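Right, one structure below, let's go through it.
Read the numbers this way: they start at 1 and go in the same order the structure lists the ligands and their atoms. Throughout, numbering of the chain's residues begins at 1 and tracks the sequence. Just so we're clear, the structure is a prediction, and the values are computed from it rather than from any experiment.
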Amino acid sequence: MRLVAAIRSAVMVIFFCPALAVAQEVIPNDPFFPRQITFRAPGGAQTFDQYSWRATPVSLNSIAGVDLNITSAWAISTGSSSVVVALLDDGFPYWHEDLVDNIWRNPGETGLDANGYSKESNGVDDDSNGYTDDVYGYDFAFSDPDPDPYIFDGRFDDRVAVYTHSCPAMGIIGAKGNNGIGIAGINWSVSMMLLKIGAQGSSAGPDGMNRVKWAAEAIHYAVDNGARAINWSGFVQPDRRDQVAILEEAIGYAESRGVLLITCAGNYKLDLDLPENSTFPASFLNDNIIVVAEVDLDGSLYVVPEGSRYVGGSNYGSRSVDIAAFAQNYTTLTVRERVSAYHLTGGTSNATPVVTGLAALIWSVRPDLSGFEVKQILMQSARRLPALAGKTVSGGMVDARAALELACKFRPSDPGMETARDILHTAPDQPSPTNSRSLSHAPRL
Ligand SMILES: [Ca+2]
Ligand SMILES: [Ca+2]
Ligand SMILES: [Ca+2]
C-alpha cells in the first residue's frame, strides 16, 4: 500500500506542480487588486478608499515583501473548483458579482428530476442526504435550504447581522480572480459550501447556545457532503463544558474523516492557554483544528491602536493558537441588501479565511493529501516571526509560496517529517470553560 501511495503522490506532483521551478509572479487584472496590500505589499505608505462605494481614504504602511506571498504561489496554482470548502457563518450573498462563480452547487440537487422538474426547487430531497433542495448548502438557523437570509428570514433582521461577517470571508477564500471585477481571492477558482448558523461574534443572547447545535449539524453536513475544510470565524462560550459536547462530537467526526476545521483565536488580546480564557471551538484539542491569530502589517501580533473606539487585539497562545495570518484584507462586501461592493476589513475572523483559502490552494495541487497533512504543510512552511515566538505553536505566519512548494514535494511517508500530532496542541491540562471573560471589549470582527 505504501508503494501505491508513493506512486500516486508522484503522479499528483507531475500533473499539478509543473511550474515549481519557475519563480515568477502572477498579477491578476482585478481592478482592486492594488488595494490588496496584504496579498502583495508594494512597500511604503498606501492610500486608498476603505470602502469602494464612497470616499473614505485610509493610509497604511506596507513593508515590501512582508505579505502573503501569494503572487508567486499563483505561478504554481490559482485554485480548482474541485476543492470544496465549507463556511459556517451568517447569511451568505452567493449572488455577489465576484463570488457567484465560486459557489458550491450540490450535484445531487441540480438538474431535472424524473418528472422534468428542477431538483433545486421540487421540494424533494433528491440526494437523500436529509435536506430538501439544499443547492448551495443550508440554513441551519432557520431550517430552510437557502443560506441567503433575505429570502426566507428577512423579518429577523434584528437577530441577524446579515452579510457583514460572511461576505469578507468568502472573498478572501474565493473571490473570482482575474475576471476584471473587484478583487482576487486566494483561490481564483474554488467551490464554497454555505452553511448558515446565525450571527457571529456575539456569545450571549437566545441564539448563543443554539449556535452550538446549528454548528454541530453544519459540521456533519460539511463532512458528509464533500468539504475538505470548514471555515468557522466565530466562537461560543458555554457556562459548562457539557454544553458544547455535541460540538466536540461533531468536530471529532470531522477529525475521523480528515476534514480540517479552521477557526479564529478571537480579538480580546488574551492568552488562550489560560483555562479561564477558553473559547470554543478554539480550545478543543482535536488534531484537525487550526486556530488562527492576526498579524499586523509590520509582522507583530495585532494590537488595536491607541485612541481607537475598539479595545483589544489578537488573542494568542503558545499551545492553543497554531498560526497567524494577515487580517487587514481588502475584500468583498454587500451593501444595501443586494449591492456588490468591496472594503478593507480586519480581525481574526478575517485572518482565519486566509488559512482556509491557503489549505484549499494546497489541495488544488495535492488532492491526495489528508487534512492532517495539509495542516502539517501549513505549520512547517510558516514564515517564522520574532513577535510570534512563544505566542503561537508554529511561531509564524502563513506563506503561500512556501506552502505550495512544500506541498509539491511532500511525501506522506517522508521519515524526516514530524507527524501532525507531534506539532499540535500539547496542553497537559484540559482547559475548563468559564464565563468569566470580560466582554467589555467591543468585538472586532
Ligand atoms: Ca438533499
Ligand atoms: Ca430537490
Ligand atoms: Ca475578481
Exercise for the section: Angle at the Ca ion (ligand 2): provide the value between O of K119 and OD1 of D133, rounding to 10 degrees. Expected result: 90°

Exercise for the section: For the Ca ion (ligand 2), decide whether D125 has an N, O or S atom at a distance under 3.0 Å. Expected result: no

Practice task
Find out whether L272 and Y316 are in side-chain contact, i.e. whether some heavy atom of one side chain is under 4.5 Å from a heavy atom of the other.
Solution key: no

Exercise for the section: Taking both backbone and side-chain atoms into account, decide whether N122 has an N/O/S atom under 3.0 Å from the Ca ion (ligand 2). Expected result: yes

Problem - Which atom of D30 approaches the Ca ion (ligand 3) most closely (N/O/S) - result: OD1

Handout entry: the Ca ion (ligand 3) to nearest N/O/S of I183 below 3.0 Å
Key = yes

Exercise for the section: May I ask you to check if any N/O/S atom from I181 comes under 3.0 Å of the Ca ion (ligand 3)? Expected result: yes

Practice task
Look at the N, O or S atoms of N179, main chain and side chain alike, and state whether any lies under 3.0 Å from the Ca ion (ligand 3).
Solution key: yes

Completion exercise
min-distance N/O/S atom, D127 vs the Ca ion (ligand 1), resolves to OD1

Exercise for the section: Return yes if a side-chain donor-acceptor contact under 3.5 Å exists between D101 and N179, otherwise no. Expected result: no

Problem - Contact check: V124 to the Ca ion (ligand 2), N/O/S below 3.0 Å - result: yes

Fill in the blank from the handout: Per residue D126, nearest N, O or S atom to the Ca ion (ligand 2) is named OD2

Problem - Residue pair E25 / I27, side-chain heavy-atom distance below 4.5 Å - result: yes

Practice task
Answer whether the closest heavy-atom distance between the side chains of Q328 and E294 falls below 4.5 Å.
Solution key: yes

Exercise for the section: Compute the ring centroids of H96 and Y342, then answer whether they are less than 6.0 Å apart. Expected result: yes

Practice task
Would you please classify the geometry between the Y221 ring and the Y138 ring as parallel, tilted or perpendicular, with 30° and 60° separating the classes?
Solution key: parallel

Exercise for the section: Could you confirm whether N106 has any N/O/S atom lying under 3.0 Å from the Ca ion (ligand 1)? Expected result: no

Practice task
For the Ca ion (ligand 1), find the closest N/O/S atom belonging to D134 and write down its atom name.
Solution key: OD1

Handout entry: Within-4.5 Å side-chain heavy-atom neighbours: M192 and L99
Key = yes

Problem - Short N/O/S contact of D113 with the Ca ion (ligand 2) (below 3.0 Å) - result: no

Problem - Value rounded to 0.5 Å, distance of OH in Y302 from CG in L297 - result: 9.0 Å

Problem - N-O pairing of E373 and R366 below 4.0 Å - result: no

Handout entry: 4.5 Å side-chain heavy-atom contact, I183 and F33
Key = no

Handout entry: the Ca ion (ligand 1) to nearest N/O/S of N129 less than 3.0 Å
Key = yes

Exercise for the section: Flag E109 as yes if one of its N/O/S atoms falls below 3.0 Å of the Ca ion (ligand 1), otherwise no. Expected result: yes

Practice task
Decide, counting backbone as well as side-chain atoms, whether K176 has an N, O or S atom less than 3.0 Å from the Ca ion (ligand 3).
Solution key: yes

